[in-house]
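Just so you know, ligand 1 is whichever comes first in the structure, and atom 1 is the first atom listed for that ligand.
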Amino acid sequence: MADGTARSGRLIVVSNRIPKGDVPAGGLVFAIHEALSRSGGLWIGAAKPGTTVEDKLTQIGSGAYDRATFPITKKEHRGHYLGYSNSVLWPLFHHRTDLLSLDSRDFDAYAAVNARVARIVAATAEPEDVIWIQDYHFLMVAQELRKLGVENRIGLFLHIPFPNLSDAMAMPQVGQIGGWLAAHDLVGLQTSRDVTAAQDVLRSDPKAQILNNGSWIREGRVFSVRSFPIGIDAENFAETAARAPVVDLQMAEDAPLLLGVDRLDYSKGLVHRFDAFGMYLQTRAPRDPRPTFLQIAPVSREDVSAYQDIREDLERTAGSTNGAHAELDWTPIRYIRHHVDRDVIAGLYRRADVALVTPLADGMNLVAKEYVAAQDPEDPGVLILSHFAGAAEQMGGAALMVNPFDTRAFAQAIDRAIHMPLAERRERHADLRDGVFRQDIRWWTESFLSRLTQAPRTFERGLRERP
Ligand code: GDG
């Protein structure tokens with residue numbers, strides 16, 4: 001295969017979400033679709049929760065590759081998805097141990113679903129197939145596969161940050177993490193900061209040892225932990241933005257537009273962002289054109305209580321800032337809670353003078369990359385980026401960097417972005433654009449898969465041979 005990911009078997013991808021019909025352009029699902037379209041293979045994801053389960057896949061599509069779902073009960077969905085995945089792993093991996101909701105029954109459901117996925121994959125995998133597991137919903141699948149005697153190459157990509165050791169210790173299963181990771185041949189993380197965190201956790205595992213070449217060995221199994229920063233389909237996004245419909249925002253011609261686009265999640269730092277914009281409004285020069293901050297934040301995971309709380313906090317903050325600053329003909333914050341079409345988002349990125357990408361913790365943050373790809377290089381906008389986005393590792397040199405907890409400095413950065421001269425905007429944007437186009441989504445899938453297919457098969461004693 002010309003893409004450097006030569007392999008004789010199929011690619012089998014496991015992800016929680018799987019599109020039932022057409023694959024939406026952009027995002028992770030599109031990346032998986034692209035990779036599978038080129039290599040052929042099988043994509044496995046969760047079915048709509050039901051009442052009964054069998055260890056069986058239901059085919060939901062075929063073509064260049066097959067798509068199938070594994071069954072899950074409503075009770076398992078509560079324990080696996082809402083419980084352990086999103087009320088333990090998600091908060092903990094985003095440094096929010098205060099939001100942990102521990103219940104051993106949730107972990108049991110998580111382990112049971114992971115074990116079922118493993119049995120299903122084991123029943124379908126041929127020896128040369130390469131298995132690629134996506135994200136925190138399936139951290140135990142590889143270990144279960146090894147117990148079943150599966151010796152295929154298995155990779156994991158974790159889309160969210162890796163927790164530091166002290167946060168990880170808040171998880172009752174902390175002692176198991178080394179075993180989960182070691183069952184893969186390759187563990188991919190977003191940044192080198194995440195790799196360092198994972199290495200600290202592995203160093204605390206008495207059974208794990210680092211080798212001279214930087215790989216790890218645990219109970220005879222050799223594995224690597226490396227960073228593969230995810231990218232976007234930059235070419236496609238730039239084209240969509242250039243021909244996107246122009247939305248009439250009913251703003252004065254010279255009024256700056258600031259834009260935020262995030263799933264409504266406490267990790268995205270939305271309240272801090274609203275506070276910083278509020279402080280900017282208090283201090284801005286009265287002669288400056290009145291800015292509009294448009295925040296698109298479609299609700300997500302509404303069944304988890306922490307998500308209801310963040311929604312209330314945000315609405316309160318937006319209301320009080322607007323109450324303090326709005327005029328009859330001006331609402332400084334416009335906040336949209338529903339999903340907006342991708343081409344409209346692309347057009348808004350292109351129109352926006354400033355993008356606010358300021359999470360408190362984030363694996364990567366694709367919005368930062370989409371915003372850069374969408375700009376007109378002749379008259380680009382300014383990216384304000386948090387140190388805590390994974391994207392900071394690649395984009396920190398040219399974006400305007402902020403600490404979202406430092407409200408005053410954040411407000412000053414907003415002021416600086418609004419007034420940044422064209423020459424500086426162009427220079428920063430050219431630098432950012434180069435990286436976003438070079439390390440795009442195809443680069444990401446190819447780097448991960450070529451590394452995985454070349455992983456050395458040098459385990460001395462696999463898990464299945466343990467007494
Ligand atoms: C996880 C990690 C990592 C948002 N609102 C709308 C909409 N979006 C799109 C954006 C962007 C995507 O959703 C969000 O991507 P992120 O990267 O910010 O975030 P997560 O969903 O948290 O994803 C993250 C990512 O995995 C990939 O590895 O970067 O750190 O948390 O594409 O444009 N799209 C449309 N309407 C909306 O209203 N069409």
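Ligand-side atoms of ligand 1 in range of G363: 30 (O), range being under 4.0 angstrom from any heavy atom. Per-residue contacts place I296 under 4.0 angstrom from the following atoms of ligand 1 (heavy atoms of the residue considered): 38 (O). Near R342, with a cut-off below 4.0 Å to any heavy atom, the atoms of ligand 1 are 39 (N). Atom numbering of ligand 1 starts at 1 in the shown order; those under 4.0 Å from a heavy atom of K268 are 16 (P), 18 (O), 19 (O), 20 (P), 22 (O). Close approach to Q190 involves these atoms of ligand 1, each under 4.0 Å from a residue heavy atom: 3 (C), 28 (O).
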Side-chain donor-acceptor pairs under 3.5 Å in residues 382-392, sequence neighbours left out?
residue	atom	partner	partner atom	Å
S386	OG	P359	O	2.7
S386	OG	F388	N	2.8

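The proximity of L366 to ligand 1, defined as any non-hydrogen pair under 4.0 Å, involves the side chain as well as the backbone. Under 4.0 angstrom from ligand 1, the non-hydrogen atoms of Y349 all belong to its side chain.
At under 3.5 Å, a nitrogen or oxygen of N365, whether backbone or side chain, sits near a nitrogen or oxygen of ligand 1. Here's the thing with V261: none of its N/O atoms is less than 3.5 angstrom from an N/O atom of ligand 1. On a distance-only criterion, D362 and ligand 1 share at least one N/O pair closer than 3.5 Å. Any N or O atom pair closer than 3.5 Å counts here, and M364 shares at least one such pair with ligand 1. Of the N or O atoms in V367, none lie within a sub-3.5 Å distance of an N or O in ligand 1. Checked against a 3.5 angstrom limit, the closest N/O atoms of E370 and ligand 1 fall inside it.
Classification of the Y307-Y266 ring pair by plane angle, with boundaries at 30° and 60°, yields tilted.
Taking a cutoff of 4.0 Å between a charged side-chain nitrogen and a carboxylate oxygen, R153 and D185 do not qualify as a salt bridge. Salt bridge absent: K268 and D265 never bring a charged side-chain N and a carboxylate O closer than 4.0 Å. Salt bridge absent: E235 and R442 never bring a charged side-chain N and a carboxylate O closer than 4.0 Å. Using a 4.0 Å cut-off between a side-chain N of Lys or Arg and a carboxylate O of Asp or Glu, R243 and E239 do not qualify as a salt bridge. Using a cut-off of 4.0 Å between Lys/Arg side-chain N and Asp/Glu carboxylate O, R116 and E144 are scored as not salt-bridged.
Using a non-hydrogen distance threshold of 4.0 Å, F93 does not register as a contact of ligand 1. Using a 4.0 angstrom heavy-atom cutoff, P298 counts as in contact with ligand 1. In this structure, W90 is part of the shell of residues with a heavy atom less than 4.0 angstrom from ligand 1.
Tested against R351 for a side-chain contact (heavy atoms from CB on, under 4.5 Å), the candidates V246, L257, D376 yield a single pass: L257.
Remark: aromatic rings of Y136 and W90 are close, center separation under 6.0 Å. Not less than 6.0 angstrom separates the ring centroid of F277 from the ring centroid of F410. Checked against the 6.0 Å centroid threshold, F223 and H184 do not count as a close aromatic pair.
One option in H94, H159, R337 has a heavy atom closer to atom 28 (O) of ligand 1 than any other, and that option is H159.
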